[in-house]
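So the structure is just underneath, and the comments pick up after that.
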Amino acid sequence: MRYPRHNAVLKARAIAGTHVVVLAWDFQREVRTQRLQGLLGFAIERSEYDREGRRIETYWLRGMKRFKNKDKGLPAGTPVSSAEHPIQTFQWGDYTAKAGRRYRYRIVPVYGQAKNLLLDLAAALALPVRTEPDAAQGSGGGRPRHDVYFNRGVIGSQAYARDFDNAVPDVGNPQSPEMQWLSHGLFEGLLGFIARAADQRFGLRAAVYEFHYQPVVNAFAAALEAGADVKIVYDAASDYRVGNEAAIAAAGLDAHGAVVRRTVTSGIRHNKFIVLLQGGQARAVWTGSTNISAGGIFGHSNVGHVVWDRAVAAKYLEYWERLSQNLTDTKLRPLNNAATPLPEGLPTEGSVTPLFSARDVKPAVTAGAAAPATLQWYAERMAEARQIVCFTVAFNLDAVFQQVLARENDVLRYVIKDDPLGSGESLGVDRDVIFASGGYLGPGWWANFLAERDNPLNSNDYIHTKFMLVDPLSDDPLVVTGSANFSRPSQWSNDENMLVIRGDTRVADIYFGEYMRVFDHHYARYIVRKLLAEGQADPDAGYLKEDPAAWTRAHFDARSYKSKRRRYFVGP
């Protein structure tokens, strides 16, 4: 949900997801020049309310950056109040919000000197906000309903270093504090979905790649024991086969005929979806990027996405039936194309469109060959953006997207990739393309920051989500999400599923907030690592600026992406 507010001095907008609230603000044009004089930043106050509307607490939000010569001696990694060390930007993310709660944020301009701050309370702007519940409420007005669960995906963080002393997570105990923090509701949402198959009235049809996190495998077994009709197509052709079959045997699923081995060797068997049946009919589907592994649920960034729509779920059930026949990609391709044809241009407003792979034909000669039709279709949607694109890349950045990103325009295009750009990957020179790769802070990399740890649960360490947002803050956003890595093999040979969701602002707001959380986290680390490698590290980069012009200039420089971010995020 979006919450715009304004007064004579400020205008602002809050974009509320489930566990993230993005705040953006600006001075009113008539007073901007005057108000920027001597501006040291902004303090943000947060009040939280219970379900009856009673205020629980009020406090100033905290950040990590502080003035160099103020509050010396604080231990590294200590968060500081924005009323004492103000936020020097025009947007901020509250990443500690709870789902389905009421909040009130108050944005306050700060002037004076670092050790004698003046909070301009008369100019303060308050924004009442209600975060989205994890599970969608109501009927959806005839539209599909969506439940969306993101894990943290940032074990290499100040919060994990501070709260858990960079401990190796105890994957055998998902109820431990560090595992619950890493899950962020994803593990609980997954178990909750499986548990809906509570008796003989229900069924589950799953298609999985990695299927070896025992607590989740056991949850399927519990549904089976409760009388539900459970069938699971699993990858039995890759190195994951051994772990998958060990977990299946430990849960006793193999003894009940609940598993179907998928042994074709073309591509990879990369799906991660579960169809919930009731009375033999498809009712809902769980999909997204999350493998049934400790690393998938608790390690690198992932999402679980539930669609409550019988027509969409029925498409997935039909796809599952094809997979259960162990068909090759050659045989699947025409069936998947017929069942989920590629839309001509944008899909219908308010629609949810599944796209199943294998679907596109691999060219006879791959060198310099045109992109698969589906990949080209995604790139065309990216090219249609008017203000903002948010794009995640787990592995390679295909040339078809590089061509779009290299075009000069005024669209802010955020790209986050698990690792740095490799050979043959380029983003062009447009200043409005903002790139980050995953990483963590090493010892002494940034003043007043703790050393962080790597991710011990995955070889693909940081970014595993596969989604694209096109104009997510508009009234007609486009969300593309699922299991496919926006790669050529994902279209012509792999088992994959994607959802194209048009016009659902609730879904877009949740994805946007989580995207900015992960992007901003890794962007800071990417820049620090890059400057260190180039020998250009600034020892004062971790401190706030005491000269107002030194930090405000970029936010009003037409050549800087920060200027467009200020305008686009706050809205009209």
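Hydrogens, waters and symmetry mates play no part in the numbers below; they use all other heavy atoms, side chains included. Numbers for residues simply follow the sequence, beginning at 1.
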Run the side-chain contact (heavy atoms from CB on, under 4.5 Å) test on L190 and I292 for me, step by step, so that the C-alpha distance in whole Å, both residues' side-chain angles and the decisive distance to 0.1 Å come before the verdict.
CA-CA 10 Å; L190 176 57; I292 310 301; 3.8 Å; yes
Between the main-chain N or O of [Y] and the side-chain N or O of [X], is there a donor-acceptor pair closer than 3.5 Å?
X	Y	answer
R333	W492	yes
D147	V306	no
N494	G267	no
T340	F356	yes
N497	P354	no
Y160	A167	yes

Ignoring hydrogens, what is the shortest heavy-atom contact between [X] and [Y]? Give both atom names and the distance.
X	Y	result
P343	T353	CG-CG2, 4.1 Å
T290	G304	OG1-N, 3.9 Å
D309	P144	OD1-CG, 3.6 Å
Q491	P372	CB-CB, 4.0 Å
V528	L441	CG1-CD2, 4.2 Å

Between [X] and [Y], does at least one N-O distance fall below 4.0 Å, as a salt bridge requires?
X	Y	answer
E48	K98	yes
D504	R506	no
E210	K272	no
D229	K231	yes
K362	D360	no
E452	R525	yes

The single option from Y209, F211, Y234 that satisfies ring-ring contact (aromatic ring centres under 6.0 Å, His included) with Y240 is Y209
Can you confirm whether [X] sits close enough to [Y] that some side-chain heavy atom of one is under 4.5 Å from a side-chain heavy atom of the other?
X	Y	value
R261	E245	yes
M498	F467	no
V393	F486	no

Exercise. Can the ring centres of F220 and H256 be said to be less than 6.0 Å apart?
Worked result: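 Aromatic pair excluded; centres sit 6.0 Å or further apart.
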Centroid-centroid under 6.0 Å between F187 and Y149 rings:
no
Next on the checklist: Quick one about N302 and S289 (side-chain donor to acceptor, distance below 3.5 Å, no hydrogens or angles considered), yes or no?
Outcome noted: yes
(request) Please lay out, stage by stage, how R359 and E496 fare under the test salt bridge (charged side-chain N to carboxylate O under 4.0 Å, His left out). (result) CA-CA 9 Å; R359 57 183 304 110; E496 306 280 12; over 6 Å; no
*asked:* Checking R241 against D239 for the salt bridge (charged side-chain N to carboxylate O under 4.0 Å, His left out) test, could you report, in this order, the C-alpha distance in whole Å, the side-chain angles of both residues, the deciding distance, and whether it holds?
replied: CA-CA 5 Å; R241 175 185 63 81; D239 292 342; over 6 Å; no
**Verdict with reasoning, Y319 to F273, per ring-ring contact (aromatic ring centres under 6.0 Å, His included)** = CA-CA 11 Å; Y319 180 40; F273 73 81; 5.8 Å; yes
* Going through the checks in order, is the side-chain hydrogen bond (donor to acceptor under 3.5 Å, both in side chains) test met by D163 and W181? -> CA-CA 10 Å; D163 295 346; W181 187 89; 4.8 Å; no
Next item on the list: Test ring-ring contact (aromatic ring centres under 6.0 Å, His included) on H19 and F150 and set out the steps.
Entry: CA-CA 9 Å; H19 299 277; F150 278 86; 9.9 Å; no
Separation between OG (S437) and CD1 (I463), nearest 0.5 Å, reads 9.0 Å
